[in-house]
*Asks:* 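Attaching a single structure in structure tokens format; questions to follow.
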Amino acid sequence: MKTHAIILAAGQGTRMKSALPKVLHHIGGKPMLEHVLDAARAAEAGACHLVLGHGAAQVEEWLQTLAGPKPDTVLQELQLGTAHAVQQALPRVPDNALVLVLYGDVPLVSAQTLRQLAAAAKDGMAVLTTQVPDPGGYGRVVRDAKGRISAIIEDKDATPEQRAITEINTGLMAAQARRLKRWLSHVKNNNAKGEYYLTDAVALAVRDGVDVKGVAAASDEAEGINDRAQLAQAERRFQQAQTQRLMREGLHLADPARFDLRGALSFGRDVFIDVGCVLEGRVELGDNVHIGPYCVLREVKLGAGTRVDAHSVLDSAEAGRDCRIGPFARLRPGAQLADQVHIGNFVEIKKSTIGEGSKANHLAYVGDAAVGARVNIGAGVITCNYDGVNKHATIIGDDAFIGTDSQLVAPLIVGRGAYIAAGSTITKDAPEDALTICRAREQKSYAGWKKPTKKK
Ligand code: UD1
Ligand code: CA
């Protein structure tokens, strides 16, 4: 039986107090909704139908950016309840399929739990339930004397005895499509909220003689996100689970509670990451890479033995083996360092290649440049790559030496082995192996010069 997931995501998410639809808020660097789609796919759901309402246009726009197969979407113009929401998608589900109802705002449910839920619904219906100490606001799972589920009663419609039940409905459920279609056609909205409750299908199934199965979830796995506090809690839980996995795989984290990965990390042996680092997108770290405290790495690839010292920010950059980067270095998009390159404090590299063994140890800006091997870029060197309108390239040959505080006004070629004297403003190509010097004027000293005195 093919499984079709119906993901409810039409609600407003008022308590987020956000212009962004709730299901697009991120956990671990990706929208909650993407977590749900991934879980559904991992649970072998053959098709996903997304029920959209509030913020539908924004969600559709995000779906365009999603790699891989896109879920089918259906618009629920008025949010008349969870049963009504499911009904919007049901015509697209064949009768012989199994329906898995998921919530776009219950992002951390595991594929394993979804598989259990689907398997439990083979004979009719299964609901995912959990125990909570404070069940206020949730639908309560009502069981008969034999412990079989007889109904789910919403908080507002429950009797005081039912309100005391601590087993709650997570909202996720699975059912045979043919029967779910029939049950939902009988659901009415004569209840406290005036909504069509999906949960009413449970009592209807029981009336049909179906043994509705309850599948128990860990409470945190099935928790819905309604506000920013719950979002932050879910983020912590997600990060905690992720760091546990990474450490099992051999990553050395100085403190798993002070590490955030918002993407995918691959790493070699004996990789160490100090406290306070944030990694985003795809990050690849070779053997023995060492990342110092408070670094940000986004879309970065580092070769074996490379060391990034404290407070460095690397974005869409690559470095080879045994490089030294930082402290306080900034690699911007397109920075490509070969092996054994040293990039020191307050050095910014943008869209440039830096050859093997080259060094820029302090206070430099290198943009739109191709720097050869064994080049020394002194403190305060700047490639003047922008004329206010266009960007221009700087090419620096192997073994060149760029003296401190020099400006290289691009477009420009500095030849192999060229030596640029400190404090030069270079506007024409500098030849190979020669000393090039261009300073404003000769240095003079004035004997008998008097220091200015402080005005009274
Ligand atoms: C629902 C369940 C309740 C359960 C709780 C768990 C029903 C009637 N009640 O209650 O038993 O304990 O979830 O959190 O199902 N949605 C739509 N369209 C609608 C209405 C809702 O897409 O017309 C979506 C919402 O965006 C949300 C989900 O369905 O993702 C749940 O809706 P919500 O209104 O939050 O249901 P609860 O009252 O919390
Ligand atoms: Ca809710």
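Starting from 1, each residue takes its place in the sequence as its number. Atoms within a ligand are numbered from 1 in the order they appear, just like the ligands themselves.
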*Asks:* Would you call G53 a ligand 1 contact, heavy-atom distance under 4.0 Å?
*Replies:*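 The answer is no, since G53 has no heavy atom less than 4.0 Å from ligand 1.
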*Asks:* Whether the Q58 and E61 side chains hold a donor-acceptor pair (N or O, under 3.5 Å, no angle test) is what I'd like checked.
*Replies:*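 Looking only at side-chain atoms, E61 and Q58 do not form any donor-acceptor pair under 3.5 Å.
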*Asks:* Which pairs, with at least one residue in residues 268-288 and sequence neighbours excluded, count as a side-chain hydrogen bond (donor to acceptor under 3.5 Å, both in side chains)?
*Replies:* R262-E280, E280-R298
*Asks:* Taking V142's backbone N and O only, do any of them form a donor-acceptor pair with S150's side chain (distance below 3.5 Å, no angle check)?
*Replies:* yes
*Asks:* If we set the cut-off at 4.0 Å for heavy atoms, which region of V51 has an atom near ligand 1: side chain, backbone, both, or neither?
*Replies:* neither
*Asks:* Taking only heavy atoms of D105, which atoms of ligand 1 are found under 4.0 Å from at least one of them?
*Replies:* 27 (C), 30 (O)
*Asks:* So, does G224 sit close enough to ligand 1 that a heavy atom of it is under 4.0 Å from the ligand?
*Replies:*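 No, G224 has no heavy atoms under 4.0 Å from ligand 1.
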*Asks:* Is it true that, when you exclude Q240 itself, more than 12 heavy atoms of the residues, nucleotides or ligands shown sit nearer than 6.0 Å to its CD?
*Replies:* no
*Asks:* Heavy atom to atom 16 (N) of ligand 1, shortest distance: which of G11, G137, A222 holds it?
*Replies:*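 Result: the heavy atom closest to atom 16 (N) of ligand 1 is in G11.
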*Asks:* Quick one: does K193 get a heavy atom under 4.0 Å from ligand 1?
*Replies:*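 Under 4.0 Å: yes for K193.
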*Asks:* Between W62 and V23, is the side-chain contact (heavy atoms from CB on, under 4.5 Å) condition met? List the steps.
*Replies:* CA-CA 11 Å; W62 168 74; V23 295; over 6 Å; no
*Asks:* Taking 4.0 angstrom as the limit and counting only heavy atoms of T82, give me the atoms of ligand 1 inside it, by number and element.
*Replies:*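 Counting atoms of ligand 1 from 1, those under 4.0 Å from T82 are 7 (C), 8 (C), 15 (O), 20 (C), 21 (C), 29 (O), 31 (C), 32 (O).
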*Asks:* Where does V106 meet ligand 1, judged by heavy-atom distances below 4.0 Å: at the side chain, the backbone, both, or neither?
*Replies:* neither
*Asks:* Could you tell me whether some N/O pair between I152 and ligand 1 is separated by less than 3.5 angstrom?
*Replies:* no
*Asks:* Compute the minimum heavy-atom distance from I168 to ligand 1 and say whether it is under 4.0 Å.
*Replies:*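 Heavy atoms of I168 never come under 4.0 Å of ligand 1.
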*Asks:* Backbone or side chain, does any N or O of G139 fall under 3.5 Å from an N or O of ligand 1?
*Replies:* yes
*Asks:* Side chain or backbone, does Y138 bring an N or O within less than 3.5 Å of an N or O on ligand 1?
*Replies:* no
*Asks:* Under 3.5 Å, side-chain donor or acceptor atoms of residues 336-348 against the rest of the protein: list the pairs with distances, not counting sequence neighbours.
*Replies:*
residue: D339; atom: OD1; partner: R321; partner atom: N; Å: 2.8
residue: E348; atom: OE2; partner: R332; partner atom: NH1; Å: 2.5

*Asks:* Near L8, which atoms of ligand 1 are under 4.0 Å from a heavy atom of that residue?
*Replies:*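 Counting atoms of ligand 1 from 1, those under 4.0 Å from L8 are 22 (O), 24 (C), 29 (O), 30 (O).
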*Asks:* Could you see which bit of Q76 sits under 4.0 Å from ligand 1, with heavy atoms only: side chain, backbone, both or neither?
*Replies:* side chain
*Asks:* Short list, please: which atoms of ligand 1 are under 4.0 Å from a heavy atom of A9?
*Replies:* 22 (O)
*Asks:* Check ligand 1 against A85 and write out every atom of the ligand that is under 4.0 Å from a heavy-atom position of the residue.
*Replies:* 17 (C), 18 (N), 22 (O)
*Asks:* Decide whether an N or O pair under 3.5 Å exists between G81 and ligand 1.
*Replies:* yes
*Asks:* Take every heavy atom of E154, measure it against each atom of ligand 1, and state whether any distance is under 4.0 Å.
*Replies:* yes
*Asks:* Please check: side-chain N/O of T306 versus main-chain N/O of G320, any donor-acceptor pairing under 3.5 Å?
*Replies:*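 Answer holds: yes.
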*Asks:* Are any of the N/O atoms on L198, whether in the backbone or the side chain, positioned under 3.5 angstrom from an N/O atom of ligand 1?
*Replies:* no
*Asks:* Taking only heavy atoms of Y197, which atoms of ligand 1 are found under 4.0 Å from at least one of them?
*Replies:*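 Near Y197, the atoms of ligand 1 are 8 (C).
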*Asks:* Look at D227 together with K22 and state whether they make a salt bridge at an N to O cut-off of under 4.0 Å.
*Replies:* no
*Asks:* Please identify which of these residues, V59, L50, V51, meets the side-chain contact (heavy atoms from CB on, under 4.5 Å) condition with T73.
*Replies:* L50
*Asks:* Enumerate the atoms of ligand 1 whose separation from the nearest heavy atom of Q79 is less than 4.0 angstrom.
*Replies:* 18 (N), 19 (C), 23 (O)
*Asks:* Please check if atom CD in E249 has more than 12 non-hydrogen atoms from other residues, nucleotides or ligands closer than 6.0 Å.
*Replies:* yes
*Asks:* Salt bridge check: are K181 and D95 linked by an N-O gap of less than 4.0 Å?
*Replies:*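 Yes, charged N to carboxylate O under 4.0 Å.
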*Asks:* Would you check if there is a donor-acceptor pair between the side chains of T3 and E44 at a distance under 3.5 Å?
*Replies:*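 Judged by distance alone, the side chains do not pair up.
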